[in-house]
S.K.: 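Pasting a structure below so you can have a look.
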Amino acid sequence: EDMSNESSSVSFDEENTKVFPDGTLKTMISPGDGDSIKQGDKVSFNYNGRLENGTSFGNTYLTHNPLEVTVGAEQTIAGMDIVLSSMREGEIARVIVPAKSAFDNMVNDHGFHGSGVPIPPGSTLIFDRVEVVDIETKLPENATPRQRYEVAQKKKNYGNKLFTDENYMRCIRKYSMAAAQLDEIENPEDSDIYQDIKNLKYTCYQNIGISARLIEDYRHSIEYLDKALEIKPDSLKPLFYKAKSYLDMQEYSQALEVLSHLTNLYPDKSKMFKKLIKRADLLLKQQQAKEKGQWSAVWQSIDEGEHIYEGKEQKGPTMVKCSYCDEELDSIQYPRHIIKYHSGTKK
């Protein structure tokens, strides 16, 4: 959705508008369904901001680079910090921040330069759209394995929702955050929920691999499917999607190898793999025939006196004199001349 050309006017819905003590206003556009933001959480959010005269001072929808701040750590303007602490993941709102809670405590007589745009003193900031993209929940260093597991489970579940919505970039981030939370558990094998931790990490890696394939990031797809297979070797789903990623990458030999392994592991599902095997085999033969034809063309060009040297085509080969019979011939034919007429000859 293009958020680069919002209207310069602002109309707030009184029913969904909250006025904070400092005068900052927030009107909810969409409620969001993720976790609520707490002080100390690391939050990523998109925004489209402008001055009252319509001059844009920042639009992360255009740069595709959400702003990341820790709430309550004075890493953004005071009004935005207040608003973020009232939002939840996935929520979208319109926001007006008065000058006193914006840049007035940061400006000199010439104003504040935000994103290269001068913001004069006394400027009210209008954010036509603020969207909370991600929340990274802060846990105490001594958090128990179960606490970390529960946070990771929430991240995974939210990732599943994003996957259903076909928001693959964000669901990959959620699954990654869930796996990272589990990595923070020290000595997980000593925990009474060790098997649950293993299963959840396996699911996160598998889901990252499947999602990465859907955005055509095949290398990372295979990398994370392999991580899932390290936890549960010979699992059907990661092996199947690994084969499909190899097919998408046109690495047909590797695809056939994985599909053959799957057929041996799951003979009762061989019909499921048969079509893919047939397709991979056909594409491999076509690929090999094409490569053979390309090499035939190379050798033909050499025979015709055109050859490739250090990646550059050179026409008109150099003439050299045979060291055995003093015959003059071109540098391309010279090796063949030696093999044909002087093989084994001693000077």
Side-chain angles (χ1 to χ4, degrees), residues 1-108 110-138 170 173 177:
E1 188 176 0
D2 184 4
M3 303 303 161
S4 59
N5 294 307
E6 295 279 356
S7 168
S8 60
S9 64
V10 177
S11 58
F12 278 102
D13 174 3
E14 187 175 344
E15 184 180 345
N16 293 311
T17 298
K18 180 174 182 178
V19 182
F20 295 89
D22 69 331
T24 296
L25 281 78
K26 181 193 89 170
T27 297
M28 184 186 295
I29 297 172
S30 177
D33 54 6
D35 290 337
S36 296
I37 297 173
K38 303 182 295 298
Q39 293 287 305
D41 285 348
K42 188 181 287 185
V43 176
S44 296
F45 66 97
N46 280 313
Y47 69 89
N48 180 7
R50 60 183 173 84
L51 304 179
E52 288 180 291
N53 65 7
T55 302
S56 173
F57 59 81
N59 189 337
T60 61
Y61 289 101
L62 291 179
T63 62
H64 304 288
N65 188 25
L67 187 63
E68 188 173 279
V69 300
T70 298
V71 176
E74 299 184 353
Q75 294 178 358
T76 184
I77 58 174
M80 185 59 72
D81 220 24
I82 293 168
V83 167
L84 288 173
S85 63
S86 74
M87 297 179 75
R88 62 192 308 138
E89 188 164 1
E91 183 175 340
I92 302 170
R94 288 192 183 94
V95 177
I96 292 181
V97 180
K100 65 180 181 181
S101 293
F103 292 115
D104 264 18
N105 61 339
M106 305 179 185
V107 300
N108 52 32
H110 305 290
F112 180 87
H113 284 256
S115 303
V117 176
I119 299 175
S123 293
T124 294
L125 305 185
I126 300 168
F127 296 87
D128 290 303
R129 189 178 178 98
V130 174
E131 179 179 2
V132 178
V133 177
D134 276 314
I135 303 173
E136 189 173 337
T137 306
K138 184 179 180 181
R170 283 191 63 202
R173 180 167 167 79
M177 290 169 71

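These values consider heavy atoms only, across backbone and side chains, with no hydrogens, waters or symmetry-generated copies.
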S.K.: Determine the minimum heavy-atom distance between Ala93 and Met87, stating which atoms define it.
M.R.: CB-CE, 4.0 Å
S.K.: With distance as the sole test, does Asp81 use its side chain to make a donor-acceptor pair with the main-chain N or O of Gly72 at under 3.5 Å?
M.R.: yes
S.K.: Taking all non-hydrogen atoms of both residues into account, name the closest pair between Ser85 and Val71 and its distance.
M.R.: CB-CG1, 4.1 Å
S.K.: State whether a side-chain donor-acceptor pair under 3.5 Å links Ser86 with Lys26.
M.R.: yes
S.K.: Contact between Val130 and Met80 at the side-chain level, heavy atoms closer than 4.5 Å - yes or no?
M.R.: yes
S.K.: Quick one: CG on Asn48 to CG on Leu62, what's the gap to the nearest 0.5 Å?
M.R.: 7.0 Å
S.K.: Check for a donor-acceptor pair, side chain of Thr60 on one end and backbone N or O of Tyr47 on the other, with a separation under 3.5 Å.
M.R.: yes
S.K.: Check whether any side-chain heavy atom of Ile126 sits under 4.5 Å from a side-chain heavy atom of Leu51, and report yes or no.
M.R.: no
S.K.: Below 4.5 Å, heavy atoms only, C-beta onward: do Arg129 and Asn46 meet side chain to side chain?
M.R.: no
S.K.: Rounded to the nearest 0.5 Å, what separates atom CG in Asp128 from atom OH in Tyr61?
M.R.: 10.5 Å
S.K.: What's the spacing between Thr70 OG1 and Leu84 CG if we round to 0.5 Å?
M.R.: 11.0 Å
S.K.: Locate the shortest heavy-atom distance separating Ile96 from Pro98; write the atom from each residue and the value.
M.R.: O-CD, 3.9 Å
S.K.: Which atom names give the shortest non-hydrogen contact between Glu89 and Val132, and what distance separates them?
M.R.: CA-CG1, 3.8 Å
S.K.: Output the distance between atom CD1 (Ile119) and atom CZ (Phe103), rounded to the nearest 0.5 Å.
M.R.: 4.5 Å
S.K.: Once you round to the nearest 0.5 Å, how far does CZ of Phe45 lie from CG of Asp134?
M.R.: 13.0 Å
S.K.: Show the numbers, then the answer: is there a side chain to side chain contact (heavy atoms under 4.5 Å, CB included) between Leu125 and Phe57?
M.R.: CA-CA 9 Å; Leu125 305 185; Phe57 59 81; 3.8 Å; yes
S.K.: Quick one: NZ on Lys100 to OG1 on Thr124, what's the gap to the nearest 0.5 Å?
M.R.: 10.5 Å
S.K.: Just jot down the side chain to side chain donor-acceptor pair (under 3.5 Å) partners of Thr24, sequence neighbours excluded, or say none.
M.R.: Asp22
S.K.: Nearest heavy-atom pair of Ser44 and Glu68: which atoms, and what distance?
M.R.: OG-OE1, 3.3 Å
S.K.: Identify every side-chain donor-acceptor pair in residues 33-41 under 3.5 Å, counting partners at least two apart or on other chains, and give the distances.
M.R.:
| unit_1 | atom_1 | unit_2 | atom_2 | d |
| --- | --- | --- | --- | --- |
| Asp33 | OD1 | Tyr158 | OH | 3.2 |
| Asp33 | OD2 | Lys161 | NZ | 3.3 |
| Asp41 | OD1 | Lys138 | N | 3.4 |
| Asp41 | OD2 | Lys38 | N | 2.9 |

